Number of protein chains: 2
Amino acid sequence: MLQAREAAIVTSVNRLLAEKGYDAMTVDAVAADVGIAKASLYKHFASKEALAAAAMAAVLDRALARIGELEARADGPPPVPALEQLKAMARWAMQAQLAGEMPTLPAENSSLRQALVADRGYRDRLLEVSERLGAWIEQAQADGALNPRLPGELVLYTLFARGCDPVLGLLRASGQYDDDTIVELLVSSCFDGLAAGP
Amino acid sequence: MLQAREAAIVTSVNRLLAEKGYDAMTVDAVAADVGIAKASLYKHFASKEALAAAAMAAVLDRALARIGELEARADGPPPVPALEQLKAMARWAMQAQLAGEMPTLPAENSSLRQALVADRGYRDRLLEVSERLGAWIEQAQADGALNPRLPGELVLYTLFARGCDPVLGLLRASGQYDDDTIVELLVSSCFDGLAAGP
DNA sequence: GTCTATAACCAGATAGAC
DNA sequence: GTCTATCTGGTTATAGAC
């Protein structure tokens with residue numbers, strides 16, 4: 001029962017975090033959404049930051065699960081090139097954001113960021129996601145599929161950032177494209193660039 | 001004197017906004033930074049939102065000034081292709097952000113966003129920047145310099161977003177690259193993409 | 001216009017009964 | 001563990017003297 005309740009809390013936090021952002025999300029709103037009193041929330045999580053860290057860790061767990069699925073798929077046949085795996089993860093993150101399931105990347109200055117890096121559960125998962133994606137990036141570089149002038153670090157950070165790209169929301173707000181089209185346009189602009197090929 | 005004081009206020013707001021973000025920026029901090037009492041601030045600006053709107057409008061004014069410089073340069077000889085003008089604006093925005101002079105793009109959900117679109121001064125400037133950049137985008141498309149599969153809207157939004165790209169800060173935090181290198185890497189990844197050319 | 005002082009409010013966190 | 005009620009700190013905004 002306790003596990004189920006905490007899962008329900010994390011689910012609510014995840015949605016509210018994606019919807020309103022960390023600062024605008026109030027603990028009162030979380031309690032109301034879960035349907036319990038605020039004081040009860042604090043029996044499960046020590047602080048608002050702990051709530052957010054749990055939700056962010058859950059997001060990373062879903063990312064790891066998706067990575068696992070893609071790795072299983074890659075064993076083929078046919079074998080899937082590493083670049084395609086990276087694109088698939090970008091698509092997954094963008095779709096999650098459009099579906100309102102992806103809390104936005106915390107800014108460096110944010111008070112949230114300090115709390116997250118201090119949270120072991122979050123940090124460990126972030127490290128693992130980075131390592132798994134890093135392996136694909138190195139493979140794609142070895143394949144000659146990535147621009148050799150760009151450091152792997154930049155590619156990794158860019159993938160994280162594109163999962164929260166505000167351009168997604170702006171394009172949706174324009175009302176001219178459906179979600180699948182938006183994702184394909186963004187993936188294309190991310191991997192192939194804005195400029196025309198030579 | 002009044003003009004000078006208000007300019008000093010806007011300068012402080014701009015820096016604090018870039019440094020801490022809208023929510024974390026307190027009116028007390030602005031007053032302390034300017035060196036006047038908080039009540040005096042409210043004689044100049046009606047609300048915190050009005051403070052932010054003035055600072056954001058000032059950013060757009062600087063962007064318009066930069067656009068004007070680039071247009072003058074374009075008359076050549078040699079004439080400058082529109083794509084190069086767009087890259088120059090991306091560089092300008094990224095450099096401004098690294099210099100701590102660029103407040104971050106307000107998220108759609110943000111309370112700030114509503115205030116900004118309700119502010120005539122901000123809205124008019126945003127429209128003009130969009131039109132001026134839009135003209136370059138259309139020209140670059142006509143030149144065949146932009147990927148024809150991408151709508152102009154996406155290119156415009158992407159340029160706005162890249163000026164506030166969190167990847168800039170992440171790369172700087174890695175400590176491995178100087179600011180000029182970071183900007184060139186980001187411009188390259190934005191226009192030419194992560195993937196290797198064909 | 002600038003100041004000191006304070007009002008009004010809201011959000012995170014806690015006390016203590018059950 | 002859950003609740004109601006409250007505390008505490010901080011933030012926006014204003015009053016009123018000078």
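These figures come from a predicted structure and were not determined experimentally. Throughout, protein chains are lettered first and strands after them, A, B, ... in sequence-line order, and every chain is numbered starting at 1.
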Could you tell me the separation between the [atom1] atom of [X] and the [atom2] atom of [N], rounded to a whole number of Å?
X	N	atom1	atom2	value
A:Asp23	D:dT11	CG	C1'	13 Å
A:Arg5	D:dT2	CZ	C1'	9 Å
B:Lys38	D:dG16	NZ	P	18 Å
A:Ile9	D:dG1	CD1	P	11 Å
B:Phe45	C:dT2	CZ	P	12 Å
A:Leu41	C:dG12	CG	P	11 Å
B:Glu49	D:dA13	CD	C1'	12 Å
B:Leu16	D:dT12	CG	C1'	16 Å

So, OP1 or OP2 of D:dT14: does either fall under 4.0 Å of a side-chain N or O from B:Tyr42?
no

Output the single nucleotide from [options] whose closest atom is nearest the side chain of [X].
X	options	value
A:Ile36	C:dG1, D:dC3, D:dG1	D:dC3
B:Thr26	D:dT12, C:dA13, C:dG1	D:dT12
B:Ala37	C:dA13, C:dT4, D:dT2	C:dT4

Do B:Asn14 and B:Thr11 have side-chain N/O donor and acceptor atoms under 3.5 Å apart?
no

Taking B:Arg62 first and then B:Glu101, would you say they form a salt bridge - that is, a charged N and a carboxylate O separated by under 4.0 Å?
no

A:Glu69 atom CD, over 12 foreign heavy atoms within 6.0 Å
yes

Would you mind classifying the nucleic acid contact of A:Ser40 as base, sugar-phosphate or nothing, using non-hydrogen atoms under 4.0 angstrom?
base

Ring-face cation contact, B:Tyr22 with B:Lys48, 6.0 Å cut, 45° max
yes

Any chain of hydrophobic side-chain contacts (each under 4.5 Å) joining A:Leu105 to A:Val13?
no

Can you work out whether A:Tyr22 or A:Lys43 has the more 5'-proximal nearest nucleotide on DNA chain C?
A:Tyr22

Taking the nucleotide of DNA chain C with the closest heavy atom to each, which residue, A:Asp28 or A:Ala39, is nearer the 5' end?
A:Asp28

